[in-house]
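Here is how names work: the chains are called A, B, and so on, in the same order as the sequence lines, proteins then strands, and each is numbered from 1. Scope of the values below: all heavy atoms of this structure, side chains included, with no hydrogens, waters or symmetry mates.
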2 protein chains.
Amino acid sequence: MLGTVQKAGEVLDLFTREKPEWGVSEVAKALGIPKSSAHALLSTLALIGLLKRGPDGRYRLGWRILTLSQVLLSSNSWRQEARKAMEEVVARFGETAHLAVLECGRVVYVEKLEGTQAVRVANTGVGVELPAHCSAVGKVLLAYLPWKEVVRIMAERGMPALTANTITTLDELQTELQGVREKGYAYDIEETVPELCCVAAPIRDHTGEVIAAMSLSVPFYRFQQMKSEYRNAILKATQQVSERLGYMGEIPWLKGETQSKVKGHGKG
Amino acid sequence: MLGTVQKAGEVLDLFTREKPEWGVSEVAKALGIPKSSAHALLSTLALIGLLKRGPDGRYRLGWRILTLSQVLLSSNSWRQEARKAMEEVVARFGETAHLAVLECGRVVYVEKLEGTQAVRVANTGVGVELPAHCSAVGKVLLAYLPWKEVVRIMAERGMPALTANTITTLDELQTELQGVREKGYAYDIEETVPELCCVAAPIRDHTGEVIAAMSLSVPFYRFQQMKSEYRNAILKATQQVSERLGYMGEIPWLKGETQSKVKGHGKG
DNA sequence: CATATGATTCCATTATTCTGAACAGCCTTA
DNA sequence: TAAGGCTGTTCAGAATAATGGAATCATATG
């Protein structure tokens, strides 16, 4: 539906950190459309403020996007709830915490709290996209999707190996996601970035649907010793947030040894 | 041109902090279009990730906007240059500094550094919109626009009085902007928020065009004593940034007593 | 269980966008 | 200095895609 708007979306997708400025001819070539069509798209997008036309006729993203981003961030109640929980975790361990969602098959970080460097908190990692098949948050978010959907996403985006540990086949991924569902959390042992490990767990809304994932990122050498502490902290934090969001159902990912440590926050 | 995209822009404009969630019928009523048209717009915008469809069929802004925002912020060289200068000013006075641009006739804050509260640096004020006829940054940005353009903007947006000191007539505004151009900076003495004062000055790119304004915000009682120090600091900071951006022209706003204090950074 | 509200689908009409070529500006080149 | 190639921009006919009213489905409400 609305092919024009869809093409406008494709145009917006062209603007990346690597190439944040596009001319009419470039866009026409990249999208395989006539120059005049590209011109119409670019100039209209500039008219509504999503793009900004430079004096030389080249286009960049417009400041209206910042305003929309502000509205988005301030209107998401669960993100603010999650932030509180993240602050506790970060304060306790001094490690970096992330909050991420799945958008069009990609992981998008929506919050980042750094452990040691307290100053440049936001706007560095927030908004960054990552492939979903690696990283702890990505695996958590995929785990609670229908498998068919996962297959579709992987077919569309591919499964590039970011490190030697990255999962690169559907079979491996299926096994991994099954494990995540059973345990209720996911590890990332140098699958995304060398020397970096993460634990992530899902955040659910009042309907029980997984809407986000929270993770703690720790350098490899420190991670091994404290593995279970990190895991329990993330599980506790995500559970707290889920409950604040009205999730009253069972907590299927708290079983066995883990359960005793977080007792008192159980089902309502 | 491309009325469909333009309508998509109108739809996006509906999503505000006050009303971040819209249904199909609401949008149809608000825009005066049939329900089916509104549905096509909303569902397509959701398809490209600018909106997100909730399970109940209501729509919110989508996370793709965060990604675009990230690209926008990381690709703006002058914003990062300005940030450095802002950090110096904030460190020196401990007061809050703002960086703003004009977008579709409104002031949009693109950077904010708080003085005393160092933690919640970004994402609070960044992206917030303000009317342009008040605030120091707004007056600076308007001052270097053609007067006809200013008139058009005021006609479109109106000149609401935010405080008793707000400029509410075109005559007052014209006089004020003339003064800004002559002096090279603007004061805001409780024109936007009671008890709050600001000084702002323009940042120019290599062509000499004013692309942004930087301001320092100080509580009224502290502002009066240090007025000229604040002003000189902002003038020096904006001049530095402008020069880093390749602005080699005259510095028309540094004259008389001020000039001696910032000697050494003059024209190239 | 009936009703009302709102989201979604359908399809013919209509207006819109698409397209290719011509125009105008800018910088490089001879 | 003038020609050449590269941009972004404009224009009018051809063709597709958007429109809008009514019907349908889903969901909350009494």
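Contact annotation: B:S37 reaches the phosphate of D:dG20 (side-chain N/O to OP1 or OP2, under 4.0 Å).
Applying the side chain to side chain donor-acceptor pair (under 3.5 Å) test to pairs two or more places apart or on separate chains, none has a residue in residues 28-45 of chain B. Sorted by first and then second residue, the salt bridge (charged side-chain N to carboxylate O under 4.0 Å, His left out) pairs with a member in residues 67-78 of chain B form an empty list; sequence neighbours excluded. Counting only residues at least two apart or in different chains, ring-ring contact (aromatic ring centres under 6.0 Å, His included) contacts with residues 43-65 of chain B comprise A:W78-B:W63. Identified under the salt bridge (charged side-chain N to carboxylate O under 4.0 Å, His left out) test for residues 59-71 of chain A, with sequence neighbours left out: A:E21-A:R60, A:R64-B:D13, A:R64-B:E129.
In this structure, the CD1 atom of B:I33 is 14 Å from the P atom of D:dA18, given to the nearest Å. A:Q6 places its CD atom 15 Å from the C1' atom of D:dT16, with the value rounded to the nearest Å. Across the protein-nucleic acid pair, A:L31 atom CG and C:dT19 atom C1' stand 16 Å apart, rounded to whole Å.
Under the 4.5 Å side-chain criterion, counting only non-hydrogen atoms from C-beta, B:Y247 is not in contact with B:T238.
Considering only residues two or more places apart in sequence or on other chains, B:S135 meets the side chain to side chain donor-acceptor pair (under 3.5 Å) condition with none of them. Residues passing the side chain to side chain donor-acceptor pair (under 3.5 Å) test with B:R152 are B:E149, B:E156, sequence neighbours excluded. By the side-chain contact (heavy atoms from CB on, under 4.5 Å) test, B:A8 is found to be paired with A:V5, B:L41, B:L45, residues two or more places apart in sequence or in another chain being considered.
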Got a list of protein N/O to nucleotides 5-7 of chain C N/O distances below 3.5 Å?
residue: C:dA7; atom: OP1; partner: B:V24; partner atom: N; Å: 2.9
residue: C:dA7; atom: OP2; partner: B:V24; partner atom: N; Å: 3.4
residue: C:dA7; atom: OP2; partner: B:S25; partner atom: N; Å: 2.7
residue: C:dA7; atom: OP2; partner: B:S25; partner atom: OG; Å: 2.6
residue: C:dA7; atom: N7; partner: B:K35; partner atom: NZ; Å: 3.1
residue: C:dA7; atom: N6; partner: B:K35; partner atom: NZ; Å: 3.2

Enumerate all atom pairs, one protein N or O and one N or O from nucleotides 12-17 of chain C, separated by less than 3.5 Å.
residue: C:dT17; atom: OP1; partner: B:G3; partner atom: N; Å: 2.2
residue: C:dT17; atom: OP1; partner: B:T4; partner atom: N; Å: 3.1

